[in-house]
Amino acid sequence: MSQPATHNLPNAAPAPLGWDVRRIRGDFPILRETVQGKPLVYLDNAASSQKPRSVIDRVQRYYERENANIHRGVHLLSEKATEEYEHARSKLQHFINAKEAREIVFVRGATEAINLVAMTYGLKNFKAGDEILITNLEHHSNIVPWQMLCERTGAILKVVPINDAGELLLDEFEKLLTEKTKIVAVNHVSNGLGTINPIKWIIDKAHAKGVLVLIDGAQSVPHLKVDVQALDCDFFVFSGHKLFGPTGIGVLYAKAALLEAMPPYQGGGDMISAVTFEKTTYNVIPYKFEAGTPNIAGTIGLGAAVDYLNSICFGGAAAYEHELLEYGTGLLSEIPGLRIVGTAKEKASVLSFVMGEIHPHDIGTVLDLEGVAIRTGHHCNMPLMKRLGLPATARASMAFYNTKEELDVLARALRKVIEVFG
Ligand code: 7TS
């Protein structure tokens, strides 16, 4: 089997000498909150990350001074709102280095983006016997839309297996990639285990066989610099709320030629060019896919999140987070009876673990009393949990504003869990 030639972190910065985490924390008001009378230790960033003051202020300013519907009014406020909305599109374009702004479609989040691709591109192009290749690491939102497509078309879902460390079995991937495969849909970073997948290698292998690739970047864009042109992926999806932006907004990136050829997803205002009762013609991309009044405030807020990331030299975050991951891995490894789940060589800042017979929900409850927020459960990864033989895990997921001291608090709280249940 040919191994991935390069690590897919082309823009990861060297050692984070200049990473001033104290200053960064000052930008996030919620990090000064107390929970249960204790300072908040927020380690649930894979579920949703916190928002910097600049994003919160930008959304507030929109509602206080700029609120109007877009793409329709000739009045000043509507023109201003339209301009800011489209300006956000160009910020997102540059953030992931898309070739053109019209390749950025605003959607509700990663989930909606994948459903959109399945129900437009997939319904139009897939037939009985075609294969959709996903992996055992996927979030439900990169499984269920494809299953729904299979039900409607007779296409077949194939799954790339993983090893016990939580890494994709790449030789199995190569075997499963056949002339029947119509699309590969894979996450860049696994939400349950933190595995960083060799997506550039996967994309190149798929393209060599003429197969399109959708990358679920929900867990990668908050941590790694992504360049969709360098990756050459066909679709790339992510959610704003994990990227330090508002909820209810996300991005579907697709190559322009694909978007042009795809039928619309939803019908309504803004997505049309002309409507008569006999026939409707559709708007150009990306508007063809943005029916109805969109999440204007969320879009502008997401643009502000990108501005914020650009202002803090986001490239340094990956290296700092790697330091946190190594420190946290060391701390947790010393806790009696605790087992880290997911030990891939390439990992983002996710620590999933189990503690013997203690139920992860009990772990989460004790931690909450200490002010520590983690997620417990199946993480919308039920097939992954089944493969691992676990009903659930506890998961601490870090962002660039977390500190080693917070991980010390986590470790102390986990020792309390043992005192209570052990
Ligand atoms: N894909 C991945 C890899 C994810 O981690 C998530 C959310 C989604 C898609 C869906 O994103 P949404 O914004 O459309 O809901 N993951 C998680 C998680 O790990 N804990 O809560 C949500």
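All ligand and atom numbering here is 1-based and tracks the order in the structure.
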Going through the distances and angles, do Leu92 and Phe106 end up as a side chain to side chain contact (heavy atoms under 4.5 Å, CB included)?
-> CA-CA 10 Å; Leu92 270 298; Phe106 287 122; 4.2 Å; yes
With a 4.0 Å cut-off on heavy atoms, does Asn142 reach ligand 1?
-> no
What protein heavy atom is closest to atom 6 (C) of ligand 1, reported as residue, atom name and distance in Å?
-> His139 CD2, 3.3 Å
Minimum-distance protein heavy atom relative to atom 19 (O) of ligand 1 = Arg395 NH1, 2.7 Å
Counting from 1 in the order shown, the ligand 1 atoms closer than 4.0 Å to a non-hydrogen atom of Thr111 are 10 (C), 11 (O), 12 (P), 14 (O), 15 (O)
Could you give the distance from CD (Glu83) to CD (Glu66), rounded to the nearest 0.5 Å?
-> 9.5 Å
Basic-acidic side-chain contact under 4.0 Å: Glu260, Arg102 = yes
Give the residue and atom name of whichever protein heavy atom lies nearest to atom 1 (N) of ligand 1, and the separation in Å to one decimal.
-> Asp216 OD2, 2.5 Å
Close-contact set for ligand 1 against Ser141 heavy atoms, below 4.0 Å = 1 (N), 8 (C), 9 (C), 10 (C)
Hey, is Arg25 close enough to Glu406 for a salt bridge, meaning N to O under 4.0 Å?
-> yes
From the options His379, His378, Arg375, select the one whose nearest heavy atom is closest to atom 18 (C) of ligand 1.
-> Arg375
Got an N/O contact under 3.5 Å between His241 and ligand 1?
-> yes
Only one of Leu331, Leu325, Leu324 passes side chain to side chain contact (heavy atoms under 4.5 Å, CB included) with Tyr327; say which it is.
-> Leu331
Which protein heavy atom lies closest to atom 16 (N) of ligand 1, and at what distance to 0.1 Å?
-> Lys242 NZ, 2.9 Å
Near Gln219 (heavy-atom distance under 4.0 Å), the atoms of ligand 1 are 3 (C), 4 (C), 5 (O), 16 (N), 19 (O)
Can you sort out the partners of Thr293 under side-chain hydrogen bond (donor to acceptor under 3.5 Å, both in side chains), two or more places apart, ordered by chain and number?
-> Asn69
Criterion side chain to side chain contact (heavy atoms under 4.5 Å, CB included) on Val105 and Glu290, from CA distance to verdict = CA-CA 7 Å; Val105 179; Glu290 293 180 1; 4.1 Å; yes
At a 4.0 Å threshold, what atoms of ligand 1 neighbour a non-hydrogen atom of Ala46?
-> 17 (C), 18 (C), 19 (O)
Taking the six-membered ring for Trp, is the centroid-to-centroid distance between His71 and Tyr85 below 6.0 Å?
-> yes
Quick one: does Ser239 get an N or O within less than 3.5 Å of an N or O on ligand 1?
-> yes
Sole candidate of Asn197, Asn142, Thr195, Asp216 that passes side-chain hydrogen bond (donor to acceptor under 3.5 Å, both in side chains) when paired with Asn187 = Asn197
For Ala218, counting its heavy atoms only, list the atoms of ligand 1 lying under 4.0 Å from any of them.
-> 1 (N), 2 (C), 4 (C), 9 (C)
